[in-house]
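Working notes for the structure below.
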Protein chains: 2
Amino acid sequence: MTKHVKGAEALPLNQILEGDCIDVMNSLPAGSVDLIFADPPYNLQLKGELHRPDNSKVDAVDDHWDQFNSFRAYDEFTTAWLKAARRLLKPNGAIWVIGSYHNIFRVGASLQNEGFWILNDVVWRKSNPMPNFRGKRFTNAHETMIWAGKDEASKYTFNYEALKALNEGIQMRSDWVLPICTGHERLKDEQGDKAHPTQKPESLLHRVLVGSTNPGDVVLDPFFGTGTTGAVAKMLGREFIGIEREAAYRKVAEKRIANVRKFDKEALTVSASKRAQPRVPFGQLVERGMLRPGEELYSMNKRHKAKVRADGTLIGDDIKGSIHQVGAHLEGAPSCNGWTYWCYRTEGKMVPIDVLRQQIRSEMHD
Amino acid sequence: MTKHVKGAEALPLNQILEGDCIDVMNSLPAGSVDLIFADPPYNLQLKGELHRPDNSKVDAVDDHWDQFNSFRAYDEFTTAWLKAARRLLKPNGAIWVIGSYHNIFRVGASLQNEGFWILNDVVWRKSNPMPNFRGKRFTNAHETMIWAGKDEASKYTFNYEALKALNEGIQMRSDWVLPICTGHERLKDEQGDKAHPTQKPESLLHRVLVGSTNPGDVVLDPFFGTGTTGAVAKMLGREFIGIEREAAYRKVAEKRIANVRKFDKEALTVSASKRAQPRVPFGQLVERGMLRPGEELYSMNKRHKAKVRADGTLIGDDIKGSIHQVGAHLEGAPSCNGWTYWCYRTEGKMVPIDVLRQQIRSEMHD
DNA sequence: ACTCATGCTGAATCTCTGT
DNA sequence: TACAGAGATTCAGCATGAG
C-alpha cells in the first residue's frame, strides 16, 4: 500500500492509493490516464458514501420523497466522481462503468450530462447467475457496462482485430457470455468468507483491456476493491492505478497482485489492424517496377479495365485518377478500395494488387 | 381508426386512437389500465450517411419523430409521457419501456424519478443484428427493456410458471434471445418498402404479455406504430388501446389487426425449439484463464507445437492465426478442427482442448 | 423437387490524415 | 478548421433465380 503522491508531476503507477476516490483523483495530474474502469457502489442506504455536499437533514417525509432524495444524493455522488474522472482522462481516453438496474440508468444519464460520448452499452450475460428464489421476477442474469469516450471527438482505442480473433473470426458483439467469479479465483478473507461482495471475474477485465487499451497504457480504477483491474492489467502489460478506501480490500489486493505474473511479450502481441500498418502509395509499385506504365489492370468482377500511368494514376475509358477514384467511378459507388478492387495478370492468373503492397510491407520489416 | 372518447366513463378498447399520446392519455380515465408497453423514439442523433462494405447505403432512421434538439428536450418529453402513463395505470399496474443506449438511461432515470419501481431490466439479445460496418465499435446486438411497477407497493402480475414453461422448464432469465423482425412478419407499404422503420417482433411482445398480463387485461401502447402490441394482445385474448399520431401507421395497423385471429387455447402452448450446441470461441478459454497467454499447445501427433496469445490466436514457428488455421498450415491440410487437433499439458498428461470447451458448454446449461 | 449462388437488408450516434 | 483524398469495413436470414 502506498500513499498517493501530492503534486502533479509524478504518476503513481502500479500502486493502490488510499482514500476517497474523488479526493485522490483530484490530486493526480489532469489528462494523464488512458482508460478508467469503474465499478461504483450502488447501495442507496449508505449515505455516508454518497458525498452530499450539504449535510442537510431531510425532514420526516413519505417514502416517495425519501426515495427521490436518495436518488438525488446518488446522482450528486455520481456526478462528482465522473467529473473528477473525466479531468484525469487524456483527450483520447475512455471510460467503462459497470452497474445493474439499480444504478446504471442514473450513471448513464450522468455520463451523457457530463459530456462523455457513449460508444456502446455492453451486457455481461452471466452463464451461472443466482436464481430468483421467490419466483417473483426474472432471474437477474446480467449486468450492464457502459463504454464511453471522453467526448464526441475522442479517438478512442478499439482493437477490432484482436476482439474479432477472440471471438473466432466474428466481430465481437455487445453481449458477452462469461461466468461469475467463483472457485479458486474468488478471494477469501482470513475467516474463509468471500473477501469482497462483488468481485468481478478476470475474464471480463481481460476482454475490456485487450479491446480498449494498448500495452503500456495507464488504467485507473477508482473503486479498486480487491483489485481485479490491477491484476489483469499487470498480466497484460498495462500500468494501473488503484484507489480504495477500505484497508481490508487494499490488503487483499496488494497480495493478489504481487502474485500475478506478466505474460510473455510474444503472447501479448495481438492481431493488428490494417490501419496500423505503414502506408504504401500505389506509385511505389510503378517506381519499383512491380507494375509497368502502360500495363493493364482488371477489376475484380472483370467488367472494367484501366491502364497504369508513370505517375501512379490510372486511366480508363473516360476517367483518370487514383486507383480508388477510378474504381469508384466505374462502379458508380461512393468509394472504393482500389487495393482490393484491381488485379494484374501474372503467369496467366489474375492477382489483386494488394499482394504487391504486402510484399513491400514485409520488406519494410526486415 | 376511431376518434378517442372524451369523458372518463368509457374505455375505448381495441381501437387505435389518433393524436399526440400525452393529450390522448390525459383524456382517458385514471387508474384504468393493467399494462403499458412503450416503444418511444430513441433520439438516435445520426449525422452522415453510412455505407456497407459493398457500398450499399444503410436505410437510416431519420424520421422527423426521432428528432430532439437536446438531452433536455428529450428528458422533458420523457417525463411528460411517463406522468400521463402513470396516471392511467391501476394501482397494481406495470409498464415496459424499450430503448437503446441512446435513450434508455434517460428513460430509466425518469422512471425512477416519477416513482415507478423497477422490477427488472431485460435485454433483448438479437440473434441477427446489423453488424458494425466500419469496425469501430462492438456490434450493437441488443436492446434494453425496463419493466417497472407503478410504485414500490404494486402487486404486479408475473406468470412465473408460464414463462418457465416457455423456457423448457428453466426459470426465465433477464436476457432473451430473439430474432429481429424480418421476412413475412415485416409489414410493407404499397410501394413494397418497410411500412415502419422499427417494427418489433411479435415474439418479443408475446413473451411480455404472457409474462406480465392475464387474459382480459387492458394493455395500452402510446407509441403504437404498426401495431405489434395490438396484434399480439388480440391473439392472446388481451384488450388493447393504441395511440398513434401518423395516419399511415394507423392504417397499416388497422388492417393487420383485423386479420389476426385469437389463438385457440391449445395453440398457446408453444412448441419447444431444439437448442443447438452453443458456439464457444477459443478466445474464451484464454479470457477465463483455462489457458494462459504464452502457454504451449501440442498437436495430437506431437509433431508440432504453438503458443497461445492474449487474443485467442496461436503463434507457431512461421505462422499465426486461429487454432484451425495454424493446425491446417502445419499439416499442409486444407482445413483442420483445432478443437480436436490441439492438446494442452496438465498434471503431466496431454489433454485435448475440446475438453475445456465441453466444460464451458456444461456451465452454460446451468 | 432440391441445391447452390447471388443479392438485399436490419433503431447505427460507424475514419483518418495532410493541407 | 474545413476540405479532399486515401483506404478500411459485414453477419444472419430470407428472397430470387439458375442449374
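Values below: every heavy atom of this structure, side chains too, minus hydrogens, waters and symmetry copies. Letters A, B, ... mirror the listed sequences (proteins, then strands); counts begin at 1. Quantities reported herein were computed from a predicted structural model and do not represent experimental measurements.
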Original post:
Is there a donor in the side chain of B:H324 and an acceptor in the side chain of B:S322, or the other way round, less than 3.5 Å apart?
Top reply: no
**OP:** Go through the side-chain N and O atoms of B:D311 and A:S271 and say whether any donor and acceptor fall under 3.5 Å apart.
**Re:** yes
Original post:
With a non-hydrogen cut-off below 4.0 angstrom, is B:E185 in contact with a base, only sugar-phosphate, or nothing?
Top reply: nothing
**OP:** Say whether B:R137 and A:S174, considering side chains only, have a donor N or O and an acceptor N or O under 3.5 Å apart.
**Re:** no
**OP:** Pick base, sugar-phosphate or nothing for A:Y160, based on heavy-atom distances below 4.0 Å to the nucleic acid.
**Re:** sugar-phosphate
Original post:
Under 30°, 30 to 60°, or over 60°: which ring-plane class applies to B:W96 and B:W147, parallel, tilted or perpendicular?
Top reply: parallel
Original post:
Checking A:S154 side chain against A:D151 main chain: does a donor-acceptor pair fall under 3.5 Å?
Top reply: yes
Original post:
In the 5'-to-3' direction, what one-character label does each nucleotide of nucleotides 3-13 of chain C receive under the scheme B = base within less than 4.0 Å of a protein heavy atom, S = sugar-phosphate only, - = no such atom?
Top reply: ------BBBBB
**OP:** Report yes if at least one side-chain N or O of A:R275 is closer than 4.0 Å to OP1 or OP2 of C:dC14; otherwise report no.
**Re:** no
Subject >> Interface with DNA chain D, restricted to residues 313-339 of chain A and to heavy atoms under 4.0 Å >> reply: A:S322, A:H324, A:Q325, A:S335, A:C336, A:N337, A:W339
Subject >> Under 4.0 angstrom between A:Y156 side-chain N/O and C:dC14 OP1 or OP2 >> reply: no
Original post:
Phosphate oxygens OP1/OP2 of C:dC16: is one of them under 4.0 Å from a side-chain N or O of B:K136?
Top reply: yes
Original post:
Taking only side-chain nitrogens and oxygens of B:H184, does any of them come within less than 4.0 Å of OP1 or OP2 of D:dA15?
Top reply: yes
**OP:** Quick one: label A:R357 by what it contacts on the DNA or RNA (base, sugar-phosphate, nothing), any heavy atom closer than 4.0 Å.
**Re:** sugar-phosphate
Subject >> Cation-pi geometry met for B:R245 and B:W65 (6.0 Å, 45°) >> reply: no
